[in-house]
Every structure is written in C-alpha cells, then in structure tokens.
Colleague: 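What follows is a structure written as structure tokens; I'll ask about it next.
This chain uses plain numbering: 1 for the first residue, then up along the sequence. For the numbers below, each heavy atom of this structure counts, side chains included, while hydrogens, waters and symmetry mates do not.
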Amino acid sequence: MADRKSLRLNRRHFTTLLAGSAAAAPALLAQNPPQAAPAAPSTAVPSRRPGPPPEIPPFQAPIEFKRREVTPKVEPFPMAQVRLLPSPFTEAQEWNRAYMSRLPADRLLYNFRENAGMSVGSAQPFGGWEAKADGKRGTELRGHFTGHFLTASAQLAANGDKEAAAKGNELVAELAKCQEKLGGGYLSAFPMELFDRLDRLSGVPRDPNVPRDPNAPVLPWAPFYTIHKIFAGMIDMYQLAGNKQALRVAAGMAGWADAWTKSKTEEHTQQILRTEFGGMAESLYNLSAISLEDHWAEVGDRFTKKEFMNPLASRRDELRGLHVNTHIPQVIGAARRYE
C-alpha cells in the first residue's frame, strides 16, 4: 500500500501539475483534433420495439359475476346461540330495548303511509331526519330510521324477544301495503322525485362553501343510502326473525333497483355513484346468497364506484379526505361479493 504522505497534494505540487497540463494541451489537441459539427438530426421516425400495453385499472372493463361454490371453513354462531353476560354491554342492550318499545309503530310508518297516499290516522311523525317533508335537505333522509328499527327488531327477535318480534312483523306487514300501493317494487318514505333529481343532476357537484342560486336545483342528499337501510332491515327480518314476507318485500325492492339502474350508461352510473348510496351492493349480494339467484349479484355489481375501488385494487392509498360512512360500506360490499 502506498504511503499516505506520498499521496498528499500541497499547493506547490498542485501548481506544478497545472503548469504541466497547460504545456501538454497543444500536444493533446494535435493527437485529438476537434470533431466535425454533428449532422442535422434525421426527420425519419426510428422504429421502436413495442412496449407493454398500457395499464388497465382493475375495474375498468365490464364486471362479470361468476358464482363458485366453496364450503366455508368457519361460520358465525347463530344469534339465537349468543348471549351477553352481565356487563355494560348488557345494560346498553336493555336501554336500547326499552327505548324501542316506547316508539309507536304508527309514527314509524307515518312518512311511508303519507308517501303512498294512505291514511296516517291520528299519528304524528318523529322529528329530526324523520320529520315530515318540508322541502329542505334535512328531511330527505326520512324513512332510514325505520330501516334501522327493522334491523334492531330482528336482532332482538333472534334472541327471543317476542315484543320486538311482534312490532317488527307489524312493520313488515304495513310497509308491504305501502309497497303494493306504490306499484309493488319501490318502497320509500319520500317520492320518486328525489331519484329523478339524482338521475337528472348526477353530474352537478354540491360544494357547501360556494354560494349558489337559491332557486337552482341541487342533488338530493342520499336517496339510495336511505333505501338501503329499509332494504337491509327487510333482509334482517327474514334471516334473523324468520319473516318470509320481508323477503318478498326485499325482492320487490331489488327488482325496482334493477329496473332503475339497468338503463343507465356506465359513465352516467359512475356519476350517480358520487352521491352516497350506503350498502346497496352488500344487500344485493346478500339477497343473491339467500335466493341463489346470480342476477341480484349482477345488479349489485352496478354499485361499484370505480374511482374508489380502482386505487384500492391497485394497492394505492388514496383515502385522504374521503367520507368514512360513505366508503366503508362499499368495502364491506366488495368483501361480501367475494364471500
């Protein structure tokens, strides 16, 4: 190995080297004359080897549903076999049970009956999001609470609560009458006018920070979100409480959703899906699993919001700023499709 001292370069040595380099420059130029100026570039397009085809997003092509029967390795316990031990959870369950028992069926049915043109008797609607229609956005979700109530009733019925089962069965029977009055498929506490607005204005963004003309029409809040709560409640009343009429009502609702969505173009559908639609896909997949009819799963596939699903399937995190309650149900729906 060379002595490290001999590798050091002081100022005197560096100056000597520079002088030597300057003296050697003419000789180097003589040995390596300057190159001629490069010729003008050719205008001919060089041939290139074909590269890989452009990446196609996972859900860009039409989605096709194909059932593959697989025996599950595990299954959940039936709710009838599950009991809570004394705990804060039991106390919460009992509080909720008592609250539900105080809500009259006529008030839960009020907006549905009024929407169907049926008598509401002496009943009064609830307040908040279940208040009677007032032309404002705050009442465009009316009816979804009754859907939640059906699910809660079904869960209590599965645990042997006869009072909850009786009220749940009453609601199913009366809602079936409303559905029949509305044509046998559509079942809601608000008129089809909200879906007409969704169809007509699906490409119009709603920005709460931008002032708008008070007379200009706007998108409805979330009509499919509300429909889903009722739809899911009916499926729960069938699966957990054994109410066969509820399954027929759910099939009618699915038939209406099929008819409403099948005429839309793919581009128009994707615009519509920018308005919150809850777990419509999950419930349609559930109905397909119950009935063994693949068509309901195909209808569920129409509720695939590609601008949300494509990044997930490509393993890209583009979740920042997305509304959780809007998008988590879509992930659950995709998981249910896989199951």
Side-chain angles (χ1 to χ4, degrees), residues 58-72 75 147 150-151 154 172 175-176 178-180 182-188 192 194-196 198-199 202 222-306 308-310 313 329-339:
F59 296 102
Q60 191 67 23
I63 301 172
E64 296 182 4
F65 179 83
K66 294 182 180 179
R67 183 185 298 271
R68 291 193 303 166
E69 295 296 339
V70 178
T71 303
E75 293 182 356
L150 284 171
T151 292
V172 170
L175 289 171
C178 295
Q179 184 185 48
E180 186 65 26
L182 291 170
Y186 184 66
L187 174 59
S188 176
M192 274 290 297
L194 269 68
F195 282 97
D196 293 339
L198 179 64
D199 187 27
S202 60
F224 267 120
Y225 166 90
T226 304
I227 291 291
H228 162 252
K229 300 300 174 282
I230 305 159
F231 187 23
M234 289 293 175
I235 292 176
D236 289 335
M237 280 298 297
Y238 169 74
Q239 287 192 297
L240 302 179
N243 188 311
K244 295 181 180 180
Q245 185 180 28
L247 182 60
R248 293 194 293 272
V249 173
M253 296 183 72
W256 170 82
D258 176 21
W260 196 88
T261 56
K262 70 180 179 182
S263 62
K264 314 292 187 251
T265 66
E266 176 64 20
E267 180 181 6
H268 191 50
T269 297
Q270 291 302 311
Q271 289 180 324
I272 288 172
L273 296 182
R274 289 174 178 170
T275 297
E276 187 175 5
F277 53 92
M280 282 296 298
E282 179 196 6
S283 288
L284 285 160
Y285 296 141
N286 283 335
L287 183 61
S288 178
I290 293 168
S291 64
L292 298 181
E293 293 185 23
D294 290 358
H295 178 64
W296 298 131
E298 294 166 0
V299 179
D301 285 349
R302 295 175 197 162
F303 290 88
T304 302
K305 185 177 177 180
K306 295 183 179 181
F308 171 64
M309 286 296 181
N310 279 340
Q330 298 176 40
V331 176
I332 295 173
R336 187 66 181 109
R337 186 188 196 275
Y338 175 79
E339 291 176 347

Colleague: Which atom pair, heavy atoms only, marks the closest approach of Ala232 to Ser283?
Modeller: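 Heavy-atom minimum between the residues: CB-OG, 3.7 Å.
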Colleague: Mind checking whether Arg302 and Leu284 have side chains closer than 4.5 Å, heavy atoms only?
Modeller: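 Contact flag for Arg302/Leu284 side chains = no.
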Colleague: Please tell me whether Glu267 and Gln271 have a donor and an acceptor in their side chains that are separated by less than 3.5 angstrom.
Modeller: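 Glu267 vs Gln271: no donor-acceptor pair found between side chains.
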Colleague: Should Thr151 and Ile235 count as side-chain neighbours, where that means a heavy-atom distance under 4.5 Å?
Modeller: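 When only atoms from C-beta onward are counted, Ile235 and Thr151 do not touch, as no gap falls below 4.5 Å.
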Colleague: For the CH2 atom of Trp256 and the CZ atom of Phe231, what is their distance to the nearest 0.5 Å?
Modeller: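 Going from CH2 on Trp256 over to CZ on Phe231, the span is 11.0 Å.
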Colleague: Could you tell me whether the side chain of Trp296 reaches within less than 4.5 Å of the side chain of Asn286, counting heavy atoms only?
Modeller: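 Result no, sub-4.5 Å side-chain heavy-atom pair not found.
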Colleague: If you define the side chain from C-beta out and look only at heavy atoms, does anything of Phe308 sit under 4.5 Å from Leu273?
Modeller: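 SC-SC contact between Phe308 and Leu273 ruled out.
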Colleague: Do you know which of Phe303, Phe224, Tyr186 makes ring pair (Phe, Tyr, Trp, His ring centres under 6.0 Å) with Trp260?
Modeller: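 That would be Phe224; it is the only one of Phe303, Phe224, Tyr186 passing the ring pair (Phe, Tyr, Trp, His ring centres under 6.0 Å) with Trp260.
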Colleague: Quick one: does Gln245's side chain get under 4.5 Å of Met237's, heavy atoms only?
Modeller: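 Of all side-chain heavy-atom pairs linking Met237 with Gln245, none is under 4.5 Å.
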Colleague: What is the minimum heavy-atom distance between His228 and Phe277, and which atoms define it?
Modeller: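 Shortest heavy-atom contact: CB-O, 4.3 Å.
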Colleague: Tell me the closest heavy-atom pair linking Ile227 and Ser188, and the distance in Å.
Modeller: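 Taking Ile227 first and Ser188 second, the nearest heavy atoms are CD1-CB, 3.7 Å.
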Colleague: Can you tell me if Ser288 and Arg67 form a side-chain donor-acceptor pair at under 3.5 Å?
Modeller: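 Note: Ser288 and Arg67 side chains meet the donor-acceptor criterion.
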Colleague: If you measure from CD on Gln330 to CE on Met280, what distance do you get to the nearest 0.5 Å?
Modeller: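 Taking CD in Gln330 and CE in Met280, the distance rounds to 12.5 Å.
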Colleague: What are the two closest non-hydrogen atoms of Ala222 and Thr275, and how far apart are they?
Modeller: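 Reported closest heavy-atom pair: CA-CG2, 4.1 Å.
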Colleague: Quick one: does Leu187's side chain get under 4.5 Å of Leu175's, heavy atoms only?
Modeller: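 When only atoms from C-beta onward are counted, Leu175 and Leu187 do touch, with a gap below 4.5 Å.
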Colleague: More than 12 heavy atoms of other residues, nucleotides or ligands under 6.0 Å from OH of Tyr238: yes or no?
Modeller: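 Incorrect, the count does not exceed 12.
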Colleague: Closest heavy-atom contact between Lys306 and Gln270?
Modeller: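 For Lys306 and Gln270, the tightest heavy-atom pair comes out as N-OE1, 3.0 Å.
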Colleague: How long is the straight-line distance from CD of Gln179 back to CZ of Arg248, given to the nearest 0.5 Å?
Modeller: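 The CD atom of Gln179 is 10.5 Å from CZ of Arg248, to the nearest 0.5 Å.
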Colleague: Quick one, Ile63 and Met309 - any side-chain contact, counting heavy atoms below 4.5 Å?
Modeller: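 A side-chain contact is absent here, since even the closest heavy-atom pair is not under 4.5 Å.
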Colleague: With a 4.5 Å limit on heavy-atom distance, are the side chains of His268 and Asp199 in contact?
Modeller: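 With C-beta onward as the side chain, the pair touches.
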Colleague: Taking all non-hydrogen atoms of both residues, which atom of Met234 and which atom of Leu150 are closest, and how far apart?
Modeller: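 Scanning both residues, the minimum pair turns out to be CE-CD1, 4.0 Å.
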Colleague: To the nearest 0.5 Å, what is the distance between CG (Leu287) and CD (Gln239)?
Modeller: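 If I round to the nearest 0.5 Å, the distance is 9.5 Å.
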Colleague: side-chain contact (heavy atoms from CB on, under 4.5 Å) between Thr304 and Arg337: does it pass, once the steps are laid out?
Modeller: CA-CA 11 Å; Thr304 302; Arg337 186 188 196 275; over 6 Å; no
